[in-house]
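Beneath this line is the structure, given in structure tokens, with notes to follow.
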Amino acid sequence: MLQVSFIRNNSELVKQRLAVKNFKDIHLVDEILVCDDERKKLQLEFDITQAKVNVASKEIGTLIAKGEKDKVEIAKQQVAGLKETLQPISEKLAVIEKLLNESLVKLPNLPSELVPKGTTPTDNIIVKEGGDICKLYSSAVPHWDLIKKYDLVDFETGAKITGSGFALYKGKGAKLQRALIQYFLDYNINAGYTEYLPPFMVNEASAYGTGQLPDKEGQMYFMPADNFYMIPTAEVPLTNIYRDEILKEESLPIKMTAYTPCFRREAGSFGKDVRGLNRVHQFDKVELVQIVHPDKSYTVLDEMVEHVEQLLKSVNLRYRILKLCGGDMSFASALTYDFEVYSAAQEKWLEVSSVSNFETFQTNRMKIRFKNENGKMQLAHTLNGSSLALPRIMACLLENNQSPNGIALPEILHPYFGSNIIS
RNA sequence: GGUGAGGUGGGUGAGUGGCUCAAACCAGUAGUUUGCUAAACUGCCGUACGGGUUAAACUGUACCGAGGGUUCGAAUCCCUCCCUCACCGCCA
């Protein structure tokens, strides 16, 4: 969330940037400023009165020590009077603070200057295309047919065990999935990321910290008996490792990677493009998270994009990189690049990674700070990116590499998979 | 799940109602001293929101796991919850 002090000093800029995100409730900005002024007034009033109470209470202590009982009674009555005036002030203060916070939490992050204007995915800008165009033979089929043919994934039994959208990987399908996870993690570790294996459920504070709450609770699976949320991405547990911590400036950047399954209810969006592995409720993903110095975050964003691009190249998939327009960006992001791979048999681009800079949006919520060289407290920046979301990668690998003899895997996967072909 | 012991600043750890605006030590930091390495000594060393100031200085309030309560006054007493550790039970 944005800092009130920043909004106060840059209210026009805030409104103007929010418009780029097509944010409707611009009036919240002015309401926040009014609330904050009121809060300050009340706080000051409260502090002054409370200070008097504190002084009087100390006096009572010394009066008791001296044994002046009459004066003690008078002083006690004075304090009682002060506390009566304090009562309504603190009630008002609590109300205004709640109001202020509710409004603050509704403001999305400001898009960076680099974000293109636009409202829908068609306004996203293709910044790069790469990888070889793959030529399919005439009787090539989509991955859902290949999955059946080679018995790699069983959706029917997944639905029997759990429900629709829960895939049961099997045999070489399960092994390929494991090989991809292993390869992606190794690739990230080689680039200096520390591997984690975090909990797959998080508490409310963690879901709030990365911005899933209070906005998107409908998109997460919730365990009411314990108040836990199933993670929609490893970003949530990874970033929350450093919640409420004051870091040493020299410990930045912090680079983390983790494999986790991701759980998404897909409420509202289900029914569209759900065939095969295109959209499922539980999928595997290897994630990258960095916590960095604010001066470095856009350089790091470029590095992460480059990192993911090289990974896609190494598995020989045709890809393109999109810079998301204001209207298609997530609530918490300041700048996002999406990666899509080309599914040759479906003749469709599938999103497999999203790399974002959140600037201070998450760290302000989570209070991840460091002391800068002047000894001042400063919020760090966070970034994250997928490397990569597995099901769609698998779909494209199967489709684009199919031949009458089987599915030839990219060379880099051979040692991980233990074979060069699925047949 | 049961019983017990705990949760205090970056770390260790004292503090059972007012003399604690949290001791001491360690780490950190600035300086002094001494040929170097290093040691000794001295000062500084929490966060948030305010007031104040050109900026400081200075200053108010809150915070000792979280939230309530008792009291003129709570780290300290009471209640609820969370977490950690130990043992027991159950279990992969």
Side-chain angles (χ1 to χ4, degrees), chain A residues 1-9 32-105 197-209 213 222-229 237 240-252 254 291 360 363-380:
Chain A
M1 91 187 146
L2 303 176
Q3 294 178 90
V4 185
S5 57
F6 180 83
I7 298 172
R8 198 189 300 146
N9 297 327
I32 285 167
L33 293 178
V34 171
C35 266
D36 192 47
D37 282 345
E38 182 66 14
R39 181 194 61 83
K40 277 205 261 183
K41 254 172 59 189
L42 287 167
Q43 185 72 55
L44 187 60
E45 210 179 324
F46 181 90
D47 286 356
I48 289 169
T49 314
Q50 182 65 49
K52 287 181 190 164
V53 171
N54 290 346
V55 169
S57 295
K58 274 237 165 90
E59 257 175 47
I60 291 171
T62 45
L63 288 176
I64 288 171
K66 286 184 197 160
E68 304 189 41
K69 282 187 180 165
D70 306 346
K71 288 185 180 171
V72 167
E73 282 314 310
I74 294 164
K76 278 193 185 183
Q77 275 172 24
Q78 269 179 354
V79 172
L82 284 171
K83 290 189 95 177
E84 247 170 69
T85 65
L86 218 46
Q87 175 80 5
I89 300 173
S90 75
E91 278 170 12
K92 273 193 227 164
L93 196 58
V95 170
I96 204 89
E97 275 176 345
K98 188 163 173 260
L99 209 63
L100 179 63
N101 200 261
E102 281 169 359
S103 298
L104 270 175
V105 151
L197 184 59
F200 300 160
M201 295 183 218
V202 293
N203 59 29
E204 202 176 319
S206 294
Y208 171 82
L213 294 180
F222 180 59
M223 324 294 272
D226 298 286
N227 277 326
F228 294 151
Y229 294 87
N240 273 282
I241 291 170
Y242 288 95
R243 168 155 49 88
D244 292 321
E245 295 218 3
I246 297 167
L247 304 165
K248 292 229 161 70
E249 188 170 5
E250 58 269 25
S251 70
L252 303 174
I254 292 165
I291 300 173
T360 59
T363 52
N364 187 35
R365 288 187 172 207
M366 275 188 265
K367 301 287 169 264
I368 302 180
R369 295 162 295 173
F370 67 96
K371 245 188 199 148
N372 66 21
E373 51 202 12
N374 303 322
K376 293 266 188 204
M377 223 30 113
Q378 214 178 332
L379 292 169

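If you're wondering where the values come from, they're calculated on a predicted model, not measured in any experiment. To find a chain, count down the sequence lines: A is the first, B the second, and so on, and within it residues start at 1.
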N/O donor to acceptor pairs below 3.5 angstrom from side-chain atoms of residues 44-53 of chain A, sequence neighbours left out:
| unit_1 | atom_1 | unit_2 | atom_2 | d |
| --- | --- | --- | --- | --- |
| A/D47 | OD1 | A/Q43 | NE2 | 3.1 |
| A/T49 | OG1 | A/E45 | O | 2.8 |
| A/Q50 | NE2 | A/N54 | OD1 | 3.1 |

Next on the checklist: Please give the distance between the P atoms of B/C49 and B/C41 as a whole number of Å.
Outcome noted: 38 Å
Next on the checklist: Work out how far the C1' atom of B/G4 is from that of B/A40, and round it to whole angstrom.
Outcome noted: 47 Å
Checklist entry - Which nucleotide, in any strand shown, forms a Watson-Crick or G-U wobble pair with B/G6, with both distances under 3.5 Å? => result B/C83
Checklist entry - Is the closest side-chain heavy-atom distance between A/V202 and A/N240 below 4.5 Å? => result no
Item to check | Between B/G15 and B/U76 - P atom distance, rounded Å | outcome: 15 Å
Checklist entry - Between atom CD in A/E249 and atom C1' in B/U29, what is the gap in whole Å? => result 15 Å
Checklist entry - Tell me: CG of A/N364 to P of B/A48, nearest whole Å? => result 11 Å
Checklist outcome for this item: As its Watson-Crick or G-U partner within any shown strand, both distances under 3.5 Å, B/G1 has B/C88
Checklist entry - Using atom P of each nucleotide, how far apart are B/C78 and B/G6 to the nearest Å? => result 12 Å
Next on the checklist: Using atom P in both nucleotides, what's the gap between B/U80 and B/A62 to the nearest angstrom?
Outcome noted: 27 Å
Checklist entry - How long is the gap from CG on A/N227 to CG on A/N203, to the nearest 0.5 Å? => result 9.0 Å
Item to check | Identity of whatever pairs with B/A22 - Watson-Crick or G-U, under 3.5 angstrom | outcome: none
Item to check | Watson-Crick or G-U counterpart of B/U47, or none if no pair lies under 3.5 Å | outcome: B/A62
Checklist entry - Is there a Watson-Crick or G-U wobble partner for B/G17 with both distances under 3.5 Å, and if so, which one is it? => result none
Checklist entry - From A/T363 OG1 over to A/F370 CZ, what is the distance, rounded to the nearest 0.5 angstrom? => result 9.5 Å
Item to check | For B/U70, the Watson-Crick or wobble partner whose two distances fall under 3.5 Å | outcome: none
Checklist entry - Should A/V55 and A/K58 be marked as a side chain to side chain contact (heavy atoms under 4.5 Å, CB included) after you check the CA-CA gap, both sets of side-chain angles, and the distance that decides it? => result CA-CA 5 Å; A/V55 169; A/K58 274 237 165 90; 5.8 Å; no
Checklist entry - When rounded to the nearest Å, what value does the distance between C1' atoms of B/U42 and B/U34 take? => result 16 Å
Checklist outcome for this item: One should read off an interatomic distance between A/L99 CG and A/I32 CD1, to the nearest 0.5 angstrom, of 10.0 Å
Checklist entry - How long is the gap from CG on A/L82 to CD on A/Q87, to the nearest 0.5 Å? => result 13.5 Å
Checklist entry - How long is the line joining CG of A/D226 and P of B/C82, in whole Å? => result 10 Å
Checklist entry - Quantified in whole Å, what is the P atom distance between nucleotide B/C77 and nucleotide B/G17? => result 9 Å
Checklist entry - Could you go step by step and tell me if A/L93 and A/R39 meet the side chain to side chain contact (heavy atoms under 4.5 Å, CB included) rule? => result CA-CA 6 Å; A/L93 196 58; A/R39 181 194 61 83; 4.2 Å; yes
Checklist entry - What interatomic distance, in whole Å, is found between C1' of B/C81 and the corresponding atom of B/C87? => result 24 Å
Next on the checklist: Base contacts versus sugar-phosphate-only contacts with protein, heavy atoms under 4.0 Å: please encode nucleotides 49-74 of chain B as B, S and - from 5' to 3'.
Outcome noted: SS---------BSS---------BS-
Checklist entry - B/U29 phosphate, OP1 or OP2: any side-chain N/O from A/K371 under 4.0 angstrom? => result no
Item to check | Complementary nucleotide for B/A40 - Watson-Crick or wobble, under 3.5 Å | outcome: B/U32
Checklist outcome for this item: From CG of A/L379 across to C1' of B/U47 the rounded distance in Å is 13 Å
Checklist entry - Given atom CG of A/D244 and atom C1' of B/C83, what is their separation to the nearest angstrom? => result 14 Å
